[in-house]
Novice: 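One structure follows; several queries about it will come next.
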Amino acid sequence: MMNNIYCIANQKGGVAKSTSTMNLGAALAVNHNKKVLLIDLDPQSNLSEYLKFEPDGKGTLTNLILEVTSNSVIDSQTVLNTIRYNELNMVYYIPSDINLANAESFMQNTLSRETVLKRILSEEVTSQFDYVFIDCLPSLGILLINAMTASSKMIIPVQTQKFAMDGLQALNVLHSQIRNTINPELKIMGMLPTMVDNTLVSRKVLTTLKETYGELIFESIISKSIEAAKSTESGRALCLSNCKVGSEYAFFAEEFLRKQG
Ligand SMILES: Nc1ncnc2c1ncn2[C@@H]1O[C@H](COP(=O)(O)OP(=O)(O)OP(=O)(O)O)[C@@H](O)[C@H]1O
Ligand SMILES: [Mg+2]
C-alpha cells in the first residue's frame, strides 16, 4: 500500500521543491509515459500556479482536508473528482489555495490529525497512478507531518548555497520520529542538489553533502539557471525545452526510475 507516494520536502524555503516536483513529474510523464499525480500541499500554491491552475468551482486540496476533518472519512470518488489534468505537461494534479492555511489550523483539533492526507490518498486513488508526488510547504508543521505519514519515500532538494546544511538535521530527526511512530516504512530516497553553480560555496556544499550523506545524495544535480524562472512563468516544464536544466531533470527522472528496482 502507498508504495508509490513520494514527498518532496525540506522545511527550508526556496530550495526548488516545487520546481523539482513539477519537473520530475513532467519528465516521467512526457519522456517515460508514466501516469503521474502531483499534490500541491502548500498554501502558497506555487505548484498550482506553475500548472496555470485557475479556480474552476471544483474542490481543491483544502476542501478535501476540511471534509476529512469534519467527517473523519472521505470517499475516493470525491478525491478523484478534484484531480485535474494539465495537457501541456501531461500530469494530473490536485491544486491548493490560500485557505489551506486555515485547513491546517482545523487539523490541529482533529482526531488522528497526522493521517488526514493519508485518508485522502487512499489505495483506490493512488492505485490509478504510477507515481504520486507531494510538493510540501517550507515548514516543519502538521501539513509536512501529514505528507511524511502518507508517503513511502522522501526526496529532499538541497540548495547548494550558504546555510544549505541548516535544517537538514531537524528534518532527519522528524523522519526518525515518524518512522518510530506512525510510518515505519518511510525512507529517505535521496537528496537532490539544486541551484549548483561554479562558486566556491556551491562546490563546498556539494562536497560536504557527499561527505555527510554519502549514498543518499543523488548522482543528478540541478544547475542554477534562469530557465527555471522562465519555466515557472510560461508553465512549460523544463524537459519540454531544449536547455541544460531540462536535460538535468530528464536525467534525474532516469535515475529515479533506476532506483525503483
Ligand atoms: N535550478 C534553478 N536555478 C535557478 N533558479 C531556480 C532553480 N530552481 C528553482 N529556481 C527558482 O528559485 C525559486 C524557488 O524555487 P521553488 O519555488 O521551486 O522552491 P521551493 O523550495 O518550492 O520554495 P518554497 O519553500 O517557497 O515552497 C523560484 O523562483 C524558482 O523559479
Ligand atoms: Mg514550493
Side-chain angles (χ1 to χ4, degrees), residues 6-27 38-53 60-62 89 91 93-98 100-101 104 117 133-141 143-148 151 154-168 170-171 174 190-199 201-203 205-206 209 217-218 220-253 255:
Y6 296 75
C7 60
I8 318 294
N10 188 334
Q11 77 277 21
K12 195 166 154 44
V15 299
K17 292 180 289 293
S18 302
T19 305
S20 299
T21 305
M22 168 76 162
N23 286 288
L24 172 59
L38 308 180
I39 311 287
D40 190 349
L41 190 68
D42 185 349
Q44 295 181 98
S45 313
N46 293 334
L47 180 68
S48 304
E49 282 166 26
Y50 201 156
L51 288 158
K52 300 287 172 193
F53 169 69
T60 66
L61 189 62
T62 305
N89 301 292
V91 292
Y93 68 102
I94 300 179
S96 143
D97 60 65
I98 189 68
L100 185 60
E104 181 175 17
L117 186 61
F133 297 106
I134 305 169
D135 180 27
C136 297
L137 74 174
S139 124
L140 277 180
L143 285 173
L144 177 62
I145 292 173
N146 264 266
M148 292 168 72
S151 301
M154 297 173 73
I155 294 174
I156 305 175
V158 183
Q159 184 184 8
T160 59
Q161 300 295 335
K162 217 171 166 189
F163 310 122
M165 308 297 285
D166 290 9
L168 287 181
L171 192 56
L174 182 59
M191 301 183 182
L192 177 68
T194 63
M195 306 193 205
V196 175
D197 62 18
N198 262 326
T199 58
V201 180
S202 182
R203 274 178 281 149
V205 169
L206 203 51
L209 276 174
I217 308 300
F218 285 110
S220 307
I221 56 161
I222 308 298
S223 304
K224 192 171 196 166
S225 162
I226 186 74
E227 294 296 332
K230 284 194 203 161
S231 166
T232 322
E233 196 58 39
S234 67
R236 259 177 95 82
L238 289 155
C239 69
L240 296 172
S241 315
N242 192 8
C243 66
K244 187 180 170 200
V245 259
S247 321
E248 288 171 343
Y249 273 110
F251 184 82
F252 177 47
E255 182 178 11

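As the structure is a prediction and not an experimental result, all values here were calculated from the model. Read the numbers this way: they start at 1 and go in the same order the structure lists the ligands and their atoms.
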Novice: Check each protein residue for a heavy atom under 4.0 Å from ligand 1 and list those that pass, ordered by chain and number.
Specialist: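 Near ligand 1, by chain and number: Lys12, Gly13, Gly14, Val15, Ala16, Lys17, Ser18, Thr19, Asp42, Gln44, Pro138, Met195, Ile222, Ser223, Lys224, Ser225, Ala228, Ala229, Thr232.
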Novice: So does Asn198 have more than 12 non-hydrogen atoms from other groups sitting under 6.0 Å from CG?
Specialist: no
Novice: Out of Asn23, Asp40, Asn89, Thr232, which residue meets the side-chain hydrogen bond (donor to acceptor under 3.5 Å, both in side chains) rule with Tyr50?
Specialist: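 Among Asn23, Asp40, Asn89, Thr232, the one meeting side-chain hydrogen bond (donor to acceptor under 3.5 Å, both in side chains) with Tyr50 is Asn23.
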Novice: So, using side chain to side chain contact (heavy atoms under 4.5 Å, CB included) as the criterion, who are the partners of Ser18 when residues are at least two apart?
Specialist: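 With sequence neighbours excluded, Ser18 shows a side chain to side chain contact (heavy atoms under 4.5 Å, CB included) to Asn46, Asp135, given in chain and number order.
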Novice: Between Ser220 and Tyr249, does any side-chain donor sit less than 3.5 Å from a side-chain acceptor?
Specialist: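 The criterion, which ignores hydrogens and geometry beyond distance, is not satisfied for Tyr249 and Ser220.
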Novice: Do Leu47 and Asp42 make a side-chain contact, defined as non-hydrogen atoms from C-beta onward lying under 4.5 Å apart?
Specialist: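 A side-chain contact under 4.5 Å is absent here.
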Novice: Have a look at Ser225 and tell me which of Val196, Asp197, Leu238, Val245 forms a side chain to side chain contact (heavy atoms under 4.5 Å, CB included) with it.
Specialist: Val245
Novice: Give the ring-plane orientation class for Phe133 versus Tyr6, where under 30° counts as parallel, over 60° as perpendicular and anything between as tilted.
Specialist: tilted
Novice: So, at under 2.8 Å, which protein N, O or S atoms would a careful student list around the Mg ion (ligand 2)?
Specialist: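 The answer, once waters are left aside, is Ser18 OG.
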Novice: When rounded to the nearest 0.5 angstrom, what distance separates CG in Leu61 from CG in Leu143?
Specialist: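 Going from CG on Leu61 over to CG on Leu143, the span is 8.0 Å.
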Novice: Just to verify, what does Lys230 make a salt bridge (Lys or Arg N to Asp or Glu O under 4.0 Å) with, not counting sequence neighbours?
Specialist: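 Partners of Lys230 by the salt bridge (Lys or Arg N to Asp or Glu O under 4.0 Å) criterion, ordered by chain and then number, come out as Glu227.
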